[in-house]
Amino acid sequence: MNAISVKNLTYEYEENIKAIDNISFDIPVGSFVSIIGKNGSGKSTLAKLLDGLLIAKSGEIKIFDLILNNKNIKAIRNKIGIVFQNPDNQFISTTVEDDIAFGLENRNIDSNKMQEIVIDFAKKVNMDKYLNKEPSNLSGGQKQRVAIAGVLALNCDIIILDEATSMLDPKGKEEIRQLIVKMKQENPSLTILSITHDIEEAYLSDYIIILENGKIIKQGKHKDIFSNLDELKKLGFETPFFITVKQELLKHGYDFSDCENINDLVEKLCQLM
Amino acid sequence: MNSISFGRYVNYDSFVHKLDARSKILFLICLMIMIFMPFSVWSTSLIFSLIYFVLLIVLMIMSHCSFLSFLKGILSMWFLFLFLIIIFIFVPNPNMSSVLLYQFSDNYAIYWDGVYQAGYIFLRLILMMSLTLILTATTKPLDLTYALEWYMTPLKIINFPVHTIAMMISIALRFIPTFLDEAQRIMKAQASRGVDFSRGGLFKKMKAVISLIIPLFISAFEKSQQLSDAMEARGYDPNSKRSKYRKLKFHLKDLFSAIFVFTLVGFIMYLSIAHGNIDVIDFVFGVKVGF
Ligand SMILES: Nc1ncnc2c1ncn2[C@@H]1O[C@H](COP(=O)(O)OP(=O)(O)OP(=O)(O)O)[C@@H](O)[C@H]1O
Ligand SMILES: [Mg+2]
């Protein structure tokens with residue numbers, strides 16, 4: 001079954017300038033998909049279209065078995081959670097706990113149950129020591145973790161991360177990446193759509209969609225995309241660090257092509273030494 | 001930065017902090033009414049003001065607020081007080097029997113009444129401001145907002161958008177520090193491009209301020225757009241029923257405090273209304289102090 005199914009979607013902010021230009025794709029339930037593309041390629045527009053924050057000019061969006069329209073929009077928003085790029089501008093309440101609770105309040109969850117849920121999800125993102133802190137006292141990475149907790153607490157089936165790490169420092173980026181991987185392990189049926197222009201993040205996912213000028217110029221499984229590095233380079237993306245390391249090692253006569261991830265590689269290297 | 005932190009919420013676990021925000025607002029209003037109950041004999045007014053002052057200091061100790069920082073904050077508004085004092089000294093109340101204190105010239109003179117009025121107003125203002133500051137220093141802004149929302153609930157009957165206004169206030173509270181940061185960042189950025197915020201004539205200063213305000217507005221619009229997207233994406237709908245994470249709760253503390261406050265205010269009101277012309281010094285010591 002598909003969690004997201006998009007058919008011939010087109011969107012224009014201004015007459016005849018297509019921010020999204022007739023795109024179609026399917027995302028199966030439980031998959032981890034990255035959408036990559038340069039600045040202005042239409043990634044954020046796509047995310048907003050999927051959540052009904054923008055209404056398409058033509059085309060169809062289907063979330064599970066619901067077609068996105070005025071009648072279904074609330075039900076669809078209950079299934080999708082979005083984490084946006086700017087950590088500050090999506091922190092709605094004055095403290096961490098209130099912010100995690102914001103979505104729950106909107107769903108009219110019983111006040112007595114809410115406290116438990118809030119603490120539970122604050123723990124999941126490792127923010128349970130900061131419950132009554134104000135956003136001005138938190139780092140960008142911490143604020144993004146709060147945003148993720150707020151989305152997870154809603155028990156969404158689909159999570160969209162719109163460049164959730166792009167405004168963070170390397171430490172913050174790494175925190176969020178690890179959190180995504182952990183999220184996926186804990187709930188395999190969760191569908192993750194990660195929008196990014198960071199190839200390292202795309203490397204974590206199992207399906208990749210490349211967007212340019214509102215069009216999909218390439219999509220495919222992780223293996224297919226990263227087996228053709230020259231093409232990736234032509235499209236303007238760097239080679240992921242992990243692959244670069246493997247290539248360099250190969251040049252020196254060490255073949256690690258059977259390593260799946262960085263942990264495997266480290267283990268094998270340590271055995272050699 | 002000092003004037004911003006002054007009157008801000010201080011995280012502490014005192015008796016006053018634990019009171020319900022709604023009771024604190026009600027008590028504040030009652031106490032303000034009490035402070036403004038008039039007594040016609042000047043020595044009586046003064047004595048009552050002094051009693052209020054002692055009570056205020058007890059309250060401050062109870063709520064763990066530092067009187068010195070309050071005084072500093074209040075004195076930073078010295079120009080307001082100076083203005084009031086000058087007005088009251090030089091424009092005496094014509095109804096009062098005025099005793100001359102000092103004659104400057106044929107047209108200008110200072111009367112006892114004026115000095116006494118000015119001093120009295122000054123005291124009352126300090127009392128009122130201190131009480132308000134105790135409220136804001138001991139109550140989380142969000143709780144204050146919820147309390148105001150609770151008081152405005154009856155207005156829902158006439159379709160007054162109570163919830164929307166409360167949400168607006170809480171968002172404003174949330175974003176004030178963010179905007180201050182932003183303003184500082186923009187100022188630094190503009191200063192590094194040669195804009196001088198401190199020197200130059202009026203025209204130059206205006207230009208400098210505009211170079212601050214325009215980027216600030218652009219960023220504010222962007223922020224509000226992103227914020228409304230984030231709120232909508234998390235299912236916010238002002239017209240549908242929402243539950244509340246933070247619940248205001250009345251406790252036994254509130255009841256006891258209410259009994260105390262109402263008794264005190266009631267007693268003072270009774271005195272002022274029924275015995276407005278009481279002379280406390282005469283009543284207690286049998287001595288007439290007057291002029
Ligand atoms: N509110 C808007 N009004 C008009 N045009 C817009 C608006 N938002 C985006 N656009 C335009 O739509 C196109 C796609 O923008 P979008 O924000 O979706 O790109 P993006 O891939 O998310 O870029 P980035 O990597 O910078 O976030 C761009 O050409 C942009 O100029
Ligand atoms: Mg974007």
Side-chain angles (χ1 to χ4, degrees), chain A residues 44 47-48 50-54 73-95 97-118 131-137 143 147 150-151 153-154 156 159-160 162, chain B residues 1 4-5 8-13 17 139-146 149 163 166-182 184-185 219-249:
Chain A
S44 300
K48 285 179 195 165
L50 292 177
D51 202 34
L53 293 171
L54 297 173
I73 200 160
K74 263 201 166 166
I76 284 180
R77 283 203 184 131
N78 282 348
K79 293 194 189 305
I80 300 182
I82 303 193
V83 180
F84 293 94
Q85 179 173 19
N86 190 319
D88 244 319
N89 300 350
Q90 58 183 316
F91 204 111
I92 296 151
S93 308
T94 41
T95 67
E97 50 182 330
D98 289 287
D99 196 64
I100 297 176
F102 181 77
L104 299 167
E105 291 180 318
N106 293 334
R107 298 228 179 143
N108 206 8
I109 308 272
D110 188 61
S111 310
N112 301 321
K113 283 186 201 144
M114 238 189 276
Q115 178 111 39
E116 208 178 305
I117 302 176
V118 167
L131 282 178
N132 56 16
K133 282 270 185 304
E134 290 173 23
S136 50
N137 299 329
K143 277 181 242 186
V151 166
L154 296 177
C156 296
I159 290 192
I160 301 177
D162 184 0
Chain B
M1 278 326 263
I4 296 164
S5 60
R8 251 175 114 170
Y9 176 70
V10 183
N11 202 353
Y12 197 77
D13 218 12
H17 279 78
T139 319
K140 288 197 181 106
L142 206 62
D143 286 340
L144 265 184
T145 317
Y146 284 169
E149 187 180 355
H163 166 73
M167 181 54 88
M168 271 159 58
I169 297 176
S170 78
I171 287 177
L173 286 171
R174 149 74 185 87
F175 276 92
I176 285 169
T178 313
F179 275 118
L180 288 177
D181 281 354
E182 187 89 8
Q184 233 158 32
R185 206 169 34 237
S219 127
F221 282 126
E222 208 179 280
K223 268 192 200 323
S224 61
Q225 179 61 49
Q226 292 182 8
L227 186 73
S228 77
D229 276 349
M231 288 172 74
E232 222 183 317
R234 282 211 250 163
Y236 179 67
D237 176 359
N239 300 316
S240 65
K241 195 164 161 38
R242 300 179 80 229
S243 54
K244 278 233 162 75
Y245 178 64
R246 239 169 239 282
K247 265 205 170 149
L248 298 171
K249 267 204 197 97

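Letters go in sequence order (proteins before strands), and every chain restarts at 1. No hydrogens, no waters, no symmetry mates; every other heavy atom, side chains included, goes into these values.
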Problem - Which atoms of A/L104 approach chain B - backbone, side chain, both or neither, heavy atom under 4.5 Å - result: backbone
Exercise for the section: Using side-chain contact (heavy atoms from CB on, under 4.5 Å) as the criterion, list what pairs up with A/Q115, not counting sequence neighbours. Expected result: A/E97, A/I119, B/Y245
Practice task
Using non-hydrogen atoms and a 4.5 Å limit, figure out which bit of A/D98 sits close to chain B: side chain, backbone, both or neither.
Solution key: both
Practice task
Name the member of A/D110, A/N132, A/N108, A/L154 that forms the most heavy-atom pairs with chain B at distances under 4.5 Å.
Solution key: A/N108
Fill in the blank from the handout: In terms of heavy-atom contacts, A/N89 and B/F175 come closest through OD1-CE2, 4.4 Å
Practice task
Please tell me if the side chains of A/F102 and B/M231 come closer than 4.5 Å, counting only heavy atoms from C-beta onward.
Solution key: yes
Completion exercise
Residues A/S111 and B/K247: closest non-hydrogen pair is OG-CE, 3.8 Å
Practice task
Check whether any side-chain heavy atom of B/R234 lies under 4.5 Å from a side-chain heavy atom of A/I92, and answer yes or no.
Solution key: yes
Exercise for the section: Determine whether A/Q85 and B/Q226 make a side-chain contact, defined as any pair of heavy atoms from C-beta on separated by less than 4.5 Å. Expected result: no
Exercise for the section: Measure A/F84 against the heavy atoms of chain B and call it side chain, backbone, both or neither at under 4.5 Å. Expected result: side chain
Completion exercise
In this structure, CZ of B/R242 is separated from CG of A/N106 (nearest 0.5 Å) by 4.5 Å
Practice task
Against chain B, label A/D162 side chain, backbone, both or neither, depending on which of its atoms sit under 4.5 Å from a heavy atom there.
Solution key: neither
Handout entry: Residues which pass side chain to side chain donor-acceptor pair (under 3.5 Å) with A/K79, listed by chain and number, not counting sequence neighbours
Key = none
Exercise for the section: Side chain from CB out, backbone as N, CA, C, O: work out which of these in A/V83 comes under 4.5 Å of a heavy atom of chain B, or both, or neither. Expected result: neither
Problem - Which atoms of A/S93 approach chain B - backbone, side chain, both or neither, heavy atom under 4.5 Å - result: backbone
